[in-house]
Amino acid sequence: MFDKKFSVSLTIILIILTLCLSSFAEAASKSGEKTPQKRESEPAALRAWSHEVTEKSDDGSQTIKIRATYYSNEYVEQLIANEAEKNLWTNDEMENYKYTLLKNLNLSETIPFHIYIQVQGIPMYPGQFDKHITMMVKGKKYTPVDYDRRLNFKILGERDGIVYFPRYDEKTGKPILEGARDVRVLFDKSISYALTGRANDVLWVWDLGKDRGSITGGRAADRLEIDRLQKRTDKLAEERRKLQEQIDAINKEYKEVNSRIEELQSN
């Protein structure tokens with residue numbers, strides 16, 4: 001039999017363990033609720049530009065959630081404002097962040113979408129992710145010009161990345177969104193076992209008329225414009241170099257032809 005002191009000590013240890021497990025369970029419960037609580041607390045300007053779908057396979061072996069976020073002017077503006085407020089940035093710090101963000105998103109040349117995927121159960125094997133997603137504007141379809149290659153690999157749990165579509169029409173050079181009422185993204189249901197039971201592919205629509213934000217002002221926008229103009233200058237310089245090579249070749253041939261004419265005339 002246990003002596004009395006040992007029995008008391010054991011009782012105290014069990015009480016402590018019970019309290020610890022209770023605290024751990026409560027913390028785990030709160031942790032599990034963290035994501036939806038955080039999402040619900042997001043400003044409406046952020047949530048308004050995200051669409052998502054959750055599907056479960058008929059046999060219950062796979063559940064998938066896909067969320068697509070369009071980087072509208074309002075969305076980007078709100079992101080910058082949130083970070084500035086959270087970090088108590090000065091105006092210069094905010095402009096530096098804005099410049100970095102806009103440059104990484106490549107908004108001057110592309111139309112980016114943030115894609116978030118959560119898979120439970122059996123894994124998802126996307127393959128070439130860019131083959132499963134299409135942007136549609138005014139009835140015309142566009143394929144990605146770039147995307148996060150991590151989206152190509154096996155997904156179990158969470159994965160996210162950015163998919164970039166062209167901002168300018170390849171043939172006309174005009175802005176794709178010019179005069180458009182909305183922008184649409186079509187997600188191929190064959191990418192996931194859980195989506196194959198759907199009648200149609202996943203389709204998201206963003207109303208461009210609701211985009212009230214503006215990210216064109218400030219020093220960050222000026223720096224981006226300088227970057228864009230510098231790229232244009234470099235391109236023009238290269239074109240001028242090639243044209244100069246053609247002119248030099250023509251001048252050389254011109255002199256050779258004239259020289260031959262003079263040679264023949266002198267005979």
Is there a donor-acceptor pair closer than 3.5 Å between any side-chain N or O of [X] and the backbone N or O of [Y]?
X	Y	value
Arg149	Tyr147	yes
Asp211	Glu74	yes
Asn87	Trp89	no
Arg167	Leu107	yes
Arg67	Glu52	no
Lys138	Glu178	yes
Arg159	Lys154	yes
Ser50	Arg47	no
Gln62	Ala194	yes
His114	Ala68	no

Looking at [Y] and [X], is there a salt bridge between them, counting it only when a charged N and a carboxylate O are closer than 4.0 Å?
X	Y	value
Glu238	Lys235	no
Lys86	Glu83	yes
Lys56	Asp59	no
Lys140	Asp169	yes
Glu263	Arg260	yes

Under 4.5 Å between side-chain heavy atoms, hopping through other hydrophobics if needed: is there a path connecting [X] to [Y]?
X	Y	result
Leu186	Tyr116	no
Leu177	Met135	yes
Ile176	Met136	no

Query raised in the report: Counting only heavy atoms not in Glu85, do more than 12 sit closer than 6.0 Å to its CD atom?
Result: no

Query raised in the report: Just wondering, are more than 12 heavy atoms of other shown residues or ligands nearer than 6.0 Å to CZ in Arg240?
Result: no

Could you tell me if [Y] and [X] have a donor-acceptor pair between their side chains, going purely by distance under 3.5 Å?
X	Y	answer
Thr69	Trp49	no
Gln78	Asn82	yes
Gln230	Asp234	yes
Glu77	Asn73	no

Given side chains that start at C-beta, do those of [X] and [Y] come closer than 4.5 Å, heavy atoms only?
X	Y	value
Pro126	Ile155	yes
Arg198	Val53	yes
Leu208	Arg181	no

Report task. Taking the six-membered ring of Phe153 (Phe, Tyr or Trp), confirm whether the NZ or CZ of Arg150 is under 6.0 Å from its centre and within 45° of its axis. Result -> no

**Report entry** Pair Trp206-Phe113, ring pair (Phe, Tyr, Trp, His ring centres under 6.0 Å): steps then yes or no
**Finding:** CA-CA 11 Å; Trp206 288 268; Phe113 292 83; 5.3 Å; yes

**Report entry** For the student: nearest non-hydrogen atoms of Val163 and Ile115, plus distance
**Finding:** CG2-CG1, 3.8 Å

Query raised in the report: Taking the six-membered ring for Trp, are the ring centroids of Phe165 and Tyr70 within less than 6.0 Å of each other?
Result: no

